[in-house]
Amino acid sequence: MKDCLFCRILAGEIPSQKVYEDDLTYAFRDIHPMAPVHVLVVPRTHVTSLNEVNQLPAGVLEACLKSAAHVAEAEGIGESGWRLVSNCGSDACQSVPHLHFHVLGGRKMEDSMA
Ligand code: AMP
């Protein structure tokens, strides 16, 4: 998708701070971090959100979750705890229409998720 921000990051057209990558996923630091650790995990395959999860090739969603767990461990928050968030659609304030997961940690999260 040539006009998708995260596809352009995946293509190396827009710079990003890589944290981890594998064949199916790419993880990079959020440009406006909301926590001491705030990393985005994106599938290399473009789908807009979890609404289109059925369009992902087999194994990609699992790879995203494994990538997130790997990032948490590598960032030193595996033991202390972390949160995985995927905003889906306008009520959830999704701003980039390429499926992504926020890995958040490094401080005590709010009790309320919403
Ligand atoms: P969401 O609002 O759930 O769609 O999350 C999109 C996230 O992408 C936000 O947290 C933004 O701060 C982040 N973001 C936008 N542009 C960039 C960029 N060029 N590099 C890294 N993160 C970005």
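When a ligand or atom number is given, it counts from 1 through the structure's own listing order.
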Can you sort out which atoms of ligand 1 are near [X], meaning under 4.0 Å from one of its heavy atoms?
X	value
H32	12 (O)
Q94	4 (O)
H102	1 (P), 3 (O), 5 (O), 7 (C), 10 (O)
L5	15 (C), 16 (N)

Self-check item: P43 side chain near L24 side chain, heavy-atom distance below 4.5 Å
Solution: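 Sidechains of L24 and P43: no contact.
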
Practice problem: May I ask you to check whether over 12 heavy atoms, not counting those of E79, lie within 6.0 Å of atom CD? | Solution: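 No, the 6.0 Å shell around CD holds no more than 12 heavy atoms from other groups.
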
Heavy atom under 4.0 Å from ligand 1: found in [X]'s side chain, backbone, both, or neither?
X	result
C93	backbone
R29	backbone
F6	side chain

Quiz item: Do ligand 1 and I9 have nitrogen or oxygen atoms that lie under 3.5 Å from each other?
Solution: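 Among all N and O atoms of I9, none is under 3.5 Å from an N or O of ligand 1.
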
Quiz item: Does the N or O separation between F28 and ligand 1 drop below 3.5 Å for any pair?
Solution: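 No, F28 has no N/O under 3.5 Å of an N/O on ligand 1.
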
Self-check item: Derivation and outcome, side chain to side chain contact (heavy atoms under 4.5 Å, CB included), residues Y20 and T25
Solution: CA-CA 8 Å; Y20 173 74; T25 73; 4.2 Å; yes

Which residue owns the protein heavy atom closest to [atom], what's the atom, and how far is it?
atom	result
atom 22 (N) of ligand 1	I31 N, 3.1 Å
atom 5 (O) of ligand 1	H100 NE2, 3.0 Å
atom 13 (C) of ligand 1	D30 OD2, 3.3 Å

[X] side chain to [Y] main-chain N or O, any donor-acceptor pair under 3.5 Å?
X	Y	value
H102	V41	no
R44	D22	yes
H38	M34	yes
S49	N51	yes

Quiz item: Between the side chains of Y26 and S16, does any donor sit under 3.5 Å from an acceptor?
Solution: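 There is such a pair between these side chains.
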
Practice problem: Name the option, out of S95, S49, P97, that contains the heavy atom nearest to atom 4 (O) of ligand 1. | Solution: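 Minimum heavy-atom distance to atom 4 (O) of ligand 1 goes to S95.
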
Quiz prompt | Chi angles and distances behind the side chain to side chain contact (heavy atoms under 4.5 Å, CB included) call for D30, V39 | solution = CA-CA 5 Å; D30 196 292; V39 175; over 6 Å; no

